[in-house]
Amino acid sequence: MKTTILQNVTAPLLAKTLSWCLLLCFNADNALAQDIKSTHEVPGIEFQPIQATDLAFQDLFKSPIGPKGMEFSAKALALSGQRVALRGYMVKTDLAQKGRFLLAPQSLEVNEDDDGPANDLPVNTVLVKLDPSQENLIMVHQDGLLRLEGKLEIGRQENSRGEVSWIRLLSTPLLVNVSGTNTQAQGKDI
Amino acid sequence: MNPTMTPTQPRYRAQRSITPLLTVAFLASGFISSVWAAPTVTRLTPPSELFTSGQAAPLIARFLPGQRFDLQATIAADDASKSITAVQFMVDQKPVKLQVSLKDCSSGCLPKIAKNSTIASARAYSIMTPGVHTLSVKAEQSDGQSVLAQGNFEIIPLSVGGHKVKNIIIMLGDGMGAAQRTAARIVGGGYAQGKVITPLAMDTFPVTGMVKTSSLNSIVTDSAPGMSSYVSGNKNNNNEEGVFPDDTLDAFDNPRIEYLSEYLHRTQGKALGVVTTADVFDATPAANAVHTSNRGAGTGIVDQFLDDRDLSGLTVLMGGGRKWFLPSSTPGSARSDKSDYAFSSTDAHTALIAKAWGAKSGKLDTGRDLIADFQSAGFTYAPTRSALQSMDAAHTERLLGLFAFSNMNVALDKIDGRRGQASSLGTRVVDDFGLPDQPMLDEMTDKALAVLSTKKNGFVLMVEGASIDKQAHNMDTERWILDTMEFDKAIARAQDYAKKHKDTLVIVTADHECAGTALIGASMVSDAQLIELGKAGGAANLRDKVVGIYAEAGFPKYTLASDGYPQATNIDRRLLVGYGANPDRNEDWRTNDRPIQDSQQPFIKQAPLNAYPANATDRDVDGKFLITGQVPGSDAVHTATDIPLSAFGLGAWSFTGVMDNTDVFFKIAQSAVGGVVLPTGFK
């Protein structure tokens, strides 16, 4: 399935009346600076539709997984660096991180405090990196199936804590709560 | 006073423990301390109340005759221009004849530790003489001043008894308190007029006691010190396993305590088996053979499992956690230098660990193919249930089973997978994980026993039902109930083994309770009615019309399928579970198969983007039944509540009464080393 998405919506647009769009919470240091609203409510901006290819979690690797590591599927490798759309569940965690969250093929909760890096995450869990314009935002947990679009990035990457990711989605800008009053931003910057 | 000196409390502590000898030292060197700075001992290991508070009891550190442990002291010089030049440990006033390493804290120590502190270590000490011993440390400063501090520890005598236990099986239900056991009994065994129809295997064990689970630094333990207490005889700090706390940043240099596996491998040649449904690096499995103050240091933990197998006798290792075993070039690898360790060959502080203990130094090696290294060391590798089943155990010298990348899937999902039961999304959970062929814990236990039973000197086997805890944290009731049932089936296999091999001891225990779990009653309605009440929502419906208490609860009746697990968990008049150590949660009482509400709600609708309601954090919104919790965060937590322990087989009768978790270690050791004796009051 192809779908049309819109780009170039990162300008700091004002939409104070939009109380419906409670999707992201703010980091206290960046309140209101990151306001982004739905594009069709932005007058005077031209949009360039681009194509995103639907990609299922099951298509990322050859499955079942072999006796050792995983093997990326030909489809995943071909789509590396391309715009894709993924449907999955945001992993619930106590330790939300700025500008990123995990997307899994099923609804999951990770208890960092209890289990540390021993987790119940499928190995094809995708690290979603928010658009650079939103890198200081902390994502509030979303229930239910999410559909995200962005650039697929494949390959090993290690963060400052020694955590390794293999698949990343460099997300297009997400909708943001513009009220700045969401009090549920309890996550720590790790 | 040196401005970098730590707060006065440690200094105070050290002075409280001043002995006559210390007084002599002060007098000899000039005068009284309160106005005159002097070096200070801020930590003395093994930990003791004598050092901490000046009280001789309770005895904190206890060991077996000959059990090895490290001695360590942190000493702060009284001025930045001075340093500690010499340290001597003494036991019962006699100098300890072991090399002492000195590490200065100009780098590598905790921020709270003064930079002019020195950490002195003597590694792998042991003493055979039973009784309470004094441990003293004397440190000299560069200006000639000295300090002396004192602590104590105890060597527990072993009675010469009857038959010695050859095989020890520890069945560790992580987070399995009394409520978890009872729930598995109700769901798996059923009740008729107040009596159990089919008892749990663990309920048939002849001896049961109650265990106090506190760790060294909290009434509420986590799994690392929880397991470590049973197999080292000593309290550890939370997050730490097989070590006493120290003042350095290095997670692998802490003072070690010899594990049961290591002690019995060194003295009797016993083999070690570690089996879990968790990632094998997780706290409970690691706290049988790995020494670290960071239970999260996955790369180093799995490396040490293999590298120090000559210390632990590791022969069987099974569970999840493949991600730590893959070289960093392989997709799925989680190996990183930050979670690894490498002892220095020149700095005596860590070099002594390798030298004194005979341990390997380790290496920062993200590119290591640890599966291949296990295979080179004679381990047969089983990545799936099929491979495990087809293995000829009688001809398998050593066994490595890695069935998942981190924790294995839980029993409910594995069973659904075997039944071909798809979730609401049309896929099986085990397929979502790409690992459709995972064994159940009883199957793993069978294979572990088959391999270990070929070892002529006997074995220590630890089998963990790991996700009883993990799913209780999630308050995912049916998932931990089925995992407790899975665990009980593994217990039955161990019990069968002990029935055939009379020199085998089996204990079933937990490291702690989880979630303050309580069986509050049963639903008064059918599942269809429950769904409708959930749609109506609110406490008036989901609580007042559903929760049957006392006589209204009756006896929930689950029907087991031929695989031994419930045909369905969403039954009429189901068992209801409450949580006393819970965060806020919404509850609709039905099995949490998949996201319950709005599972098809798109995050970003196709353009044009449409407004949709804010429901950012609430789940089960339709139920409108919010249960306010007492704990912060989103997970239920461990509790300090005592947990039940049951024992079967040779030596079982010593496991009665209310005991400390560390007592369990000495009871096991008595049976395995001294021979089985009846506990006091039984003669």
Side-chain angles (χ1 to χ4, degrees), chain A residues 3-6 18-23 25 38-40 57-58 61 63-72 89 92 94 104-107 109 111 113-124 140-149 156 158 161-164 166 174-175 177 182 184, chain B residues 222 278-279 281-282 295-296 298 321-323 326 328 330-339 371 381 383-384 387 405-407 423 425 427 429 431-437 470 473-474 594-595 597-604 606-609 611-617 619 633-635:
Chain A
T3 188
T4 301
I5 67 114
L6 305 160
L18 298 178
S19 59
W20 49 266
C21 195
L22 193 62
L23 292 174
C25 65
S38 62
T39 53
H40 75 288
F57 277 92
Q58 299 91 310
F61 295 104
S63 187
I65 294 166
K68 292 202 170 181
M70 307 172 299
E71 293 175 82
F72 288 111
Y89 296 86
K92 190 167 189 178
D94 282 346
Q106 62 168 256
S107 127
E109 184 164 339
N111 303 320
D113 286 344
D114 314 314
D115 301 338
N119 57 54
D120 299 320
L121 295 173
V123 73
N124 56 8
V140 168
H141 180 77
Q142 310 289 308
D143 282 323
L145 194 60
L146 314 181
R147 184 176 183 283
L148 296 178
E149 295 186 356
R156 187 180 193 278
E158 185 175 336
R161 298 197 339 163
E163 296 165 343
V164 174
W166 284 88
L174 303 181
L175 301 176
N177 171 22
N182 190 334
Q184 308 200 44
Chain B
D222 73 69
D279 189 318
F281 99 103
D282 205 12
R295 55 175 283 180
R322 206 184 292 168
K323 65 182 181 182
L326 303 170
S328 54
T330 305
S333 170
R335 289 183 70 85
S336 74
D337 286 346
K338 287 189 187 303
S339 63
I371 292 174
Y381 172 51
T384 60
F405 274 73
S406 186
N407 298 324
S423 74
L425 292 180
T427 57
V429 170
D431 289 326
D432 285 346
F433 280 71
L435 300 160
D437 191 19
K470 295 180 192 305
H473 278 296
N474 288 347
R594 288 281 174 173
Q597 274 88 29
D598 299 327
S599 64
Q600 299 304 311
Q601 174 93 324
F603 181 55
I604 299 174
Q606 294 179 28
L609 298 165
Y612 48 94
N615 59 347
T617 56
R619 62 182 179 187
S634 63
D635 320 327

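As a basis for the values below, the full set of heavy atoms in this structure was taken, side chains included, without hydrogen atoms, waters or symmetry mates. This is a predicted model, so every value here is computed, not measured. A note on names: the letters A, B, ... follow the listed sequences, proteins ahead of strands, and every chain is numbered from 1.
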Counting heavy-atom pairs under 4.5 Å with chain A, which one of B:Ala278, B:Pro436, B:Gly321, B:Ser333 comes out on top?
B:Ser333
CG-CD distance between B:Asp337 and A:Glu158, expressed to the nearest 0.5 angstrom:
7.0 Å
Picking from A:Pro64, A:Gly162, A:Gly69, A:Pro67, which has the most non-hydrogen pairs under 4.5 angstrom with chain B?
A:Pro67
Taking every heavy atom of B:Asp432 against every heavy atom of A:Gln58, the minimum-distance pair comes out as OD1-NE2, 4.4 Å
Measure B:Ser339 against the heavy atoms of chain A and call it side chain, backbone, both or neither at under 4.5 Å.
neither
Check each atom of B:Phe433 against the heavy atoms of chain A and say whether the ones under 4.5 Å are side chain, backbone, both or neither.
both
Work out which heavy atom in A:Lys68 is nearest to a heavy atom in B:Ile371; give both atom names and the distance.
CE-CG2, 3.8 Å
How close do B:Arg322 and B:Pro383 get, counting heavy atoms only, and between which atoms?
NH2-O, 3.2 Å
